[in-house]
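These notes concern the structure reproduced below.
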Amino acid sequence: MSFEVFEKLESKVQQAIDTITLLQMEIEELKEKNNSLVQEIQQAQGNHEELIRENNSLKEQQHVWQERLHALLGKMEEV
């Protein structure tokens with residue numbers, strides 16, 4: 001009877017080892033996916049900052065053109 005208990009214990013230990021191994025593999029996959037997502041976030045933040053700079057530059061250019069246009073319209077009204 002003690003042999004049967006030992007076999008059951010051995011089976012349960014093997015199941016636990018298998019489960020731990022699978023969970024470790026899953027953890028590694030999740031770590032890799034997390035790292036990939038972190039890189040995507042950093043890239044998106046960089047793109048966002050670049051777009052903000054570009055938008056500000058375009059707004060500044062638009063403002064300059066509006067000032068030029070108003071100056072030209074003012075000169076036309078003087079004539």
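Atom set for the values below is all heavy atoms of this structure, side chains included, hydrogens, waters and symmetry mates excluded. In what follows, residues are counted from 1 in the order of the sequence shown.
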Inset, instruction - Given side chain to side chain donor-acceptor pair (under 3.5 Å), test Glu67 with His63 step by step and report yes or no. - result: CA-CA 6 Å; Glu67 287 180 353; His63 182 69; 2.7 Å; yes

Inset, instruction - Output the distance between atom NZ (Lys75) and atom CG (Leu73), rounded to the nearest 0.5 Å. - result: 11.5 Å

Inset, instruction - Using the side chain to side chain donor-acceptor pair (under 3.5 Å) rule, collect all pairs that involve residues 40-57, keeping only residues at least two apart or in two chains. - result: none

Inset, instruction - Measure the spacing between CD of Gln66 and NZ of Lys59 and express it to the nearest 0.5 Å. - result: 12.0 Å

Inset, instruction - Return yes when atom CD of Glu60 has more than 12 non-hydrogen atoms of other residues, nucleotides or ligands closer than 6.0 Å, and no otherwise. - result: no

Side-chain atoms of residues 14-28: list all donor-acceptor pairs with protein atoms under 3.5 Å, sequence neighbours left out, distances to 0.1 Å.
unit_1, atom_1, unit_2, atom_2, d
Gln14, NE2, Asp18, OD1, 3.0
Thr19, OG1, Gln15, O, 2.9
Thr21, OG1, Ile17, O, 2.8

